[in-house]
Amino acid sequence: MKFRTIKGTKDILPGESALWQYVESAVRRVMQSFNYQEIRTPAFEQTGLFARSIGELTDIVSKEMYTFLDRSEESVTLRPEGTAATLRAFIQNNLGEQSPLTKVYYIGPMFRQERPQAGRLRQFHQFGAEALGASSPQLDVEMMVLPLEIYKQLGIDRFSLKINSVGCEKCRPAYKQLLQTELRKVFTQLSHDSQVRVEQNPLRVLDSKDEKDRELTAGMPLMNNHLCDECAVHFASVQSLLDALELTYEVDGRLVRGLDYYTKTAFEITSTALGSQDALAGGGRYDLLMEELGGKQTPGVGFAAGLERLLMVLAKLEKNITASSVPVIYFVGLDEPSRIWAFLKSNELRRQGICAEVDYLGRSVKSQMREANRMQARFVIVVGEQELKTKTARLKNMQTGEETAVSLDHITFPS
RNA sequence: GUGGCCAUAGUUCAGUUGGUUAGAACGCCAGGUUGUGGCCCUGGAGGUCGUGGGUUCAAAUCCCACUGGUCACCCCA
């Protein structure tokens with residue numbers, strides 16, 4: 001009998017957790033600089049919340065959600081993304097009444113039941129942010145700057161930023177009809193997936209990865225050429241702000257993204273250092289979503305980024321980040337009284353915040369020294385009958401090998 | 001959901017046309033120094049060869065099924 005992790009889930013082992021913490025602290029640091037506060041919502045919610053916000057017809061809702069009935073027959077779902085729950089919390093707790101603009105970030109596990117592959121897991125981790133209450137294009141840009149700044153601080157530079165505008169409720173319907181008319185002309189030649197989308201979500205057909213679909217739709221009208229005045233001005237502002245920040249980006253008129261709730265700005269950050277699943281982060285504006293979920297009309301914009309994929313890029317770029325802690329002092333005990341003394345002394349040092357380690361296995365001096373070496377302990381003190389009697393010992397610098405006399409009552413470490 | 005590839009010590013892998021007690025490297029443990037690590041040397045522990053079935057005198061090796069992993073498609077973080 002052997003228990004294993006569920007398909008598509010992974011243990012983050014002791015050897016890797018320091019790197020995770022390093023990345024997470026970079027995320028938190030940048031978020032704080034931009035004055036975003038953390039929000040922690042439950043890992044699961046009522047199924048309807050996701051169906052309503054993400055869209056019944058999206059891949060996420062139609063085939064990827066971890067949905068099950070709990071013991072009271074209520075349908076619950078492990079969150080597949082972070083925005084829906086954040087807005088739910090915003091509405092439920094009347095955050096909009098406390099201040100006109102709410103800026104929050106989150107970091108935590110998400111769940112989607114897909115076939116795992118490189119860069120895709122069933123439980124994966126995202127960090128993201130949402131700015132709720134303002135329609136300024138500055139915030140749209142802030143959502144791109146946040147992940148880009150985090151990547152920059154981690155030393156990642158090989159990414160590309162693609163942006164688009166998917167319009168709003170005023171301009172999208174007319175464009176949608178225009179596009180559908182064009183698509184129907186080549187309907188029979190389209191791929192099966194695209195044929196289904198012609199009626200349900202025609203914009204997505206333009207984002208098809210199918211070669212034939214690409215050719216067929218090559219000359220078709222794009223949303224960003226049919227924006228209403230408001231959306232056009234907004235999109236232009238986003239671009240001029242990006243220009244002013246000297247950020248390189250590409251306008252991709254076919255970019256749509258897989259969540260139905262976007263209005264106006266949509267964007268995606270990809271990395272050439274990744275494999276087939278190359279999206280590092282994505283986001284956009286969702287001015288209608290709050291009302292859709294039963295809240296007061298509140299504009300909003302956000303982004304989400306994958307932690308595993310960020311870690312994959314770091315690994316690919318061979319950024320050697322050593323963030324793990326090592327013991328300052330390792331006590332080698334020769335006999336039982338010395339071992340007990342070492343245990344008590346290390347306890348005392350530990351309470352002062354100094355990482356101290358001892359041998360718990362009754363091992364030989366040689367083994368204890370090897371252990372201290374393996375742990376990369378900075379100093380070693382060998383304690384025996386002699387040392388306890390004289391209250392002095394030799395402090396060995398493990399890097400240089402040199403030994404200096406120290407008092408066992410007042411151990412001090414040279415810097 | 002569909003498809004390709006893979007499955008042998010803790011890890012990375014070898015295993016000759018099926019043929020005796022399945023190997024290496026690294027790692028781990030111990031010793032070489034009756035109280036001092038790294039390098040080196042010696043020894044040791046560790047494998048129901050993913051699981052089940054079949055072919056055969058004989059299967060890690062050939063066949064089938066299953067399970068798991070991995071990569072790709074769709075889509076996304």
Side-chain angles (χ1 to χ4, degrees), chain A residues 1-10 13 15 54 57-65 79-83 106-128 147 191-194 196-197 201 204 207-211 213 255-259 268-271 274-283 303-313 330-335 338 359 361 363-387 393-403:
Chain A
M1 166 62 96
K2 238 181 176 178
F3 291 114
R4 296 185 48 84
T5 49
I6 301 288
K7 182 196 283 287
T9 67
K10 272 198 161 61
L13 299 170
I54 299 166
L57 301 173
T58 61
D59 285 359
I60 291 176
V61 173
S62 65
K63 61 182 193 189
E64 296 171 4
M65 293 208 302
R79 60 178 182 188
E81 53 100 55
T83 302
Y106 58 82
I107 176 163
M110 305 294 165
F111 308 84
R112 292 182 201 173
Q113 189 162 180
E114 300 179 81
R115 193 78 164 263
Q117 71 181 77
R120 174 190 292 158
L121 292 167
R122 289 187 170 183
Q123 174 173 340
F124 58 104
H125 298 77
Q126 287 188 332
F127 59 91
S191 66
H192 176 74
D193 284 341
S194 288
V196 174
R197 289 180 191 134
N201 191 353
R204 278 271 294 288
D207 210 5
S208 170
K209 298 235 174 86
D210 187 281
E211 283 286 333
D213 288 352
L255 181 69
V256 176
R257 305 198 44 76
L259 298 92
E268 192 168 79
I269 298 168
T270 56
S271 168
L274 291 177
S276 176
Q277 309 303 319
D278 64 352
L280 266 179
F303 84 91
L307 264 169
E308 281 85 356
R309 290 190 186 172
L310 169 49
L311 259 2
M312 284 172 75
V313 174
Y330 188 103
F331 290 105
V332 171
L334 293 179
D335 51 16
S338 306
D359 171 58
L361 302 174
R363 287 183 282 190
S364 67
V365 176
K366 182 182 190 127
S367 292
Q368 292 185 61
M369 287 302 295
R370 278 185 177 156
E371 183 68 10
N373 184 59
R374 177 172 30 225
M375 287 179 174
Q376 296 181 284
R378 288 174 53 207
F379 299 101
V380 162
I381 288 178
V382 178
V383 189
E385 203 179 340
Q386 187 72 20
E387 283 79 6
R394 283 170 298 164
L395 179 74
K396 179 164 185 170
N397 181 323
M398 290 295 277
Q399 222 145 50
T400 64
E402 80 183 281
E403 297 187 321

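Letters go in sequence order (proteins before strands), and every chain restarts at 1. All heavy atoms count here, side chains included; hydrogens, waters and symmetry mates do not.
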| request: Check whether the side chain of A:Gln376 and the base of B:G37 form a donor-acceptor pair under 3.5 Å. | output: no
Do A:Lys63 and B:G1 have a side chain to base donor-acceptor pair shorter than 3.5 Å?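 Result: no qualifying N/O pair found.
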Within the 4.0 Å heavy-atom criterion, would you say [X] contacts the bases, only the backbone, or no part of the nucleic acid?
X	value
A:Lys7	sugar-phosphate
A:Arg120	base
A:Gln113	nothing
A:Arg115	base
A:Thr58	nothing
A:Gly401	base
A:Val382	base
A:Leu121	base
A:Gln386	base
A:Ala372	nothing
A:Glu114	base
A:Arg122	nothing

Counting only side-chain N and O atoms of [X], is one of them less than 4.0 Å from OP1 or OP2 of [N]?
X	N	answer
A:Arg374	B:C28	yes
A:Gln277	B:C73	yes
A:Gln117	B:C73	yes
A:Ser367	B:C29	no

Rounding to a whole Å, what distance do you find between [X]:[atom1] and [N]:[atom2]?
X	N	atom1	atom2	value
A:Asp59	B:C76	CG	P	6 Å
A:Asn201	B:C74	CG	P	17 Å
A:His192	B:G1	NE2	C1'	12 Å
A:Met369	B:G37	CE	C1'	4 Å
A:Glu371	B:U36	CD	C1'	15 Å

Would you kindly say whether A:Asp278 and A:Thr270 are connected by a side-chain donor-acceptor distance under 3.5 Å?
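No, no side-chain donor-acceptor contact under 3.5 Å.
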The residue, A:Glu403 or A:Arg309, whose nearest nucleotide of RNA chain B is more 5′ is A:Glu403
Discussion item. Has A:Gln126 got a side-chain atom pairing as donor or acceptor with A:Glu81's backbone, closer than 3.5 angstrom?
Written reply: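 No: the side chain of A:Gln126 does not pair with the backbone of A:Glu81.
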**Asked** Roughly how far apart, to the nearest Å, are B:G27 and B:U42 at atom P?
**Response**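 So the two P atoms sit 15 Å from each other.
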message = Please give the distance between the P atoms of B:G54 and B:A59 as a whole number of Å.
response = 12 Å
Scanning all shown strands, the Watson-Crick or wobble mate of B:U33 with both distances under 3.5 Å is none
